[in-house]
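A, B, ... follow the sequence lines: proteins, then strands. Residue 1 opens every chain.
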There are 2 protein chains.
Amino acid sequence: MRISELATRTGVPVPTLKFYLRERVLHPGRATSRTSAEYDEGHVERVRLLRVLAEHGGISVADLRVIVAALEAPPPSRHELLGAAHDVLPGARTGTPAGEEVTGLFADLGWPVPADAAFAAGLGEAVDAARAAGVPITPTTLRRYAAAMRHVAEVDVGLALAAASPADALRTVVVGTVLVDPVLAALRRVAQQVVSTERA
Amino acid sequence: MRISELATRTGVPVPTLKFYLRERVLHPGRATSRTSAEYDEGHVERVRLLRVLAEHGGISVADLRVIVAALEAPPPSRHELLGAAHDVLPGARTGTPAGEEVTGLFADLGWPVPADAAFAAGLGEAVDAARAAGVPITPTTLRRYAAAMRHVAEVDVGLALAAASPADALRTVVVGTVLVDPVLAALRRVAQQVVSTERA
DNA sequence: CTATCGTGGAGAGTTGGACTATCCGGTGTC
DNA sequence: GACACCGGATAGTCCAACTCTCCACGATAG
């Protein structure tokens with residue numbers, strides 16, 4: 001199909017598609033002449049992915065570029081895949097070591113987390129920010145949060161392992177991590193109301 | 001103190017403070033003459049709150065205005081307080097009824113959630129977005145996520161109930177909801193790595 | 001008592017990100 | 001062979017969040 005059909009199929013205007021091509025988040029079509037190219041279902045898929053990550057996940061074009069690059073080079077093992085996906089996601093602090101409290105938390109929980117894991121430092125920052133704003137987060141609080149998120153992670157990993165191919169698994173991890181966060185946030189708010197009602 | 005001292009105390013430039021005053025997210029100081037005003041510790045606190053919500057919570061100035069308005073008018077009961085806080089937070093869809101799947105989920109779980117709760121509709125949208133991007137979320141998946149977030153909510157409500165005053169509780173709920181989300185997201189990613197390692 | 005200096009207030013300008021519009025020479029197509 | 005459509009490039013728009021510039025005036029140090 002040509003670019004105008006890609007536009008009608010995805011509902012994205014032609015100038016925006018050209019913008020995505022320029023920004024290298026959409027791979028070029030197969031050129032059929034100097035002034036036309038052929039796009040396929042892969043392009044339709046990609047455009048839909050870009051839109052949903054940008055609109056519902058709030059991912060910037062710069063981060064989209066990193067993400068699609070990772071999607072196009074799937075690592076061999078399913079386990080490495082998770083690390084690769086995480087390095088790419090916004091919020092990761094690759095190379096920055098985590099603070100003492102965070103490493104202590106992981107030791108307490110018996111979690112074998114390397115101190116330089118992509119999100120360990122980000123976790124420390126997030127906790128400090130919440131405390132700076134007056135939220136009384138104690139080590140106990142943090143342990144309880146961690147235990148709950150472990151249950152979430154069990155579900156997440158199950159979804160990824162159920163994928164048909166490594167490429168599918170990578171896609172599920174990256175997209176799932178970004179797009180399930182808002183689902184969890186909404187569930188958290190609803191659950192707060194429920195717990196609060198029950199205690200009243 | 002005068003505006004320049006407020007600027008040095010908070011590390012925020014004077015023109016930015018003037019911008020916050022114009023946008024009515026920072027309450028005016030007590031005017032001591034036509035060309036000067038007196039700011040106090042409440043202003044320092046407020047500016048720190050604005051910065052941490054904007055930087056770590058990604059809250060826009062328009063949403064900040066709604067949040068600070070809510071903080072200045074605390075509702076009488078602690079239970080109403082949660083609803084008031086949630087109506088104000090980004091992602092809320094006040095007045096929009098939730099979809100069938102979401103109301104069914106709540107019925108399944110035995111959660112007494114009104115169909116027009118602030119986040120019920122947002123939840124449906126978030127789930128649809130994730131599915132549109134190819135994340136295979138089943139009703140079972142959703143129930144497991146909900147169970148985990150219920151544990152998170154137990155901790156949240158405990159924190160809010162421990163606050164000294166209703167005003168403190170409101171602050172804890174609003175700020176905690178916004179700023180603990182990134183903490184949970186980071187914990188989720190770390191837990192994914194741990195679970196994945198254990199299964200390998 | 002006077003020369004700055006800082007202030008509140010308001011409008012205009014800047015920056016960055018994400019598009020969107022215009023142009024252009026070159027097809028493809030009826 | 002007219003004419004819409006294409007790809008490629010450049011420039012322009014729009015929004016949010018600041019940031020700058022003025023202005024007239026009050027504060028305060030010499």
Legend entry - Arg30(B) with Asp40(B): basic N within carboxylate O range, under 4.0 Å: no
Inset, instruction - Test Glu154(B) against every option in Arg144(A), Arg199(A), Arg188(A) by the salt bridge (charged side-chain N to carboxylate O under 4.0 Å, His left out) rule and name the one that passes. - result: Arg199(A)
Legend entry - Nucleotide dG8(D), atom C1' - distance to CZ of Arg2(A) in whole Å: 17 Å
Inset, instruction - Answer with base, sugar-phosphate or nothing: what part of the nucleic acid does Arg51(B) contact at a heavy-atom distance below 4.0 Å? - result: sugar-phosphate
Legend entry - Leu50(B) CG to dA17(D) C1', straight-line distance once rounded to whole Å: 13 Å
Inset, instruction - Pull out every residue in residues 15-35 of chain A that has a heavy atom closer than 4.0 Å to any atom of DNA chain D, ordered by number, or say none. - result: Lys18(A), Arg22(A), Thr35(A)
Inset, instruction - Search all heavy atoms of Arg46(A) against all heavy atoms of Glu72(A) and return the closest pair with its distance. - result: NH2-OE2, 3.0 Å
Legend entry - For atom CE of Met1(B) and atom P of dT7(C), their distance in whole Å: 13 Å
Inset, instruction - Would you indicate what Ala37(B) reaches in the nucleic acid, counting non-hydrogen atoms under 4.0 angstrom: base, sugar-phosphate, or nothing? - result: sugar-phosphate
Legend entry - Atom of Arg171(B), atom of Ala133(A) and distance for their closest heavy-atom approach: NH2-O, 2.9 Å
Legend entry - Length of the line joining Ile3(B):CD1 and dG26(D):P, which is rounded to integer Å: 18 Å
Inset, instruction - Check whether any side-chain heavy atom of Val190(A) sits under 4.5 Å from a side-chain heavy atom of Met149(B), and report yes or no. - result: no
Legend entry - Under-4.0 Å side-chain N/O to phosphate OP1/OP2 contact, Ser36(B) with dG6(C): no
Inset, instruction - Take the protein atom CD1 of Ile59(B) and the nucleotide atom C1' of dA16(D), then report the distance between them rounded to whole Å. - result: 15 Å
Legend entry - Closest contact, heavy atoms only, Val127(A) versus Val183(B): N-CG2, 3.8 Å
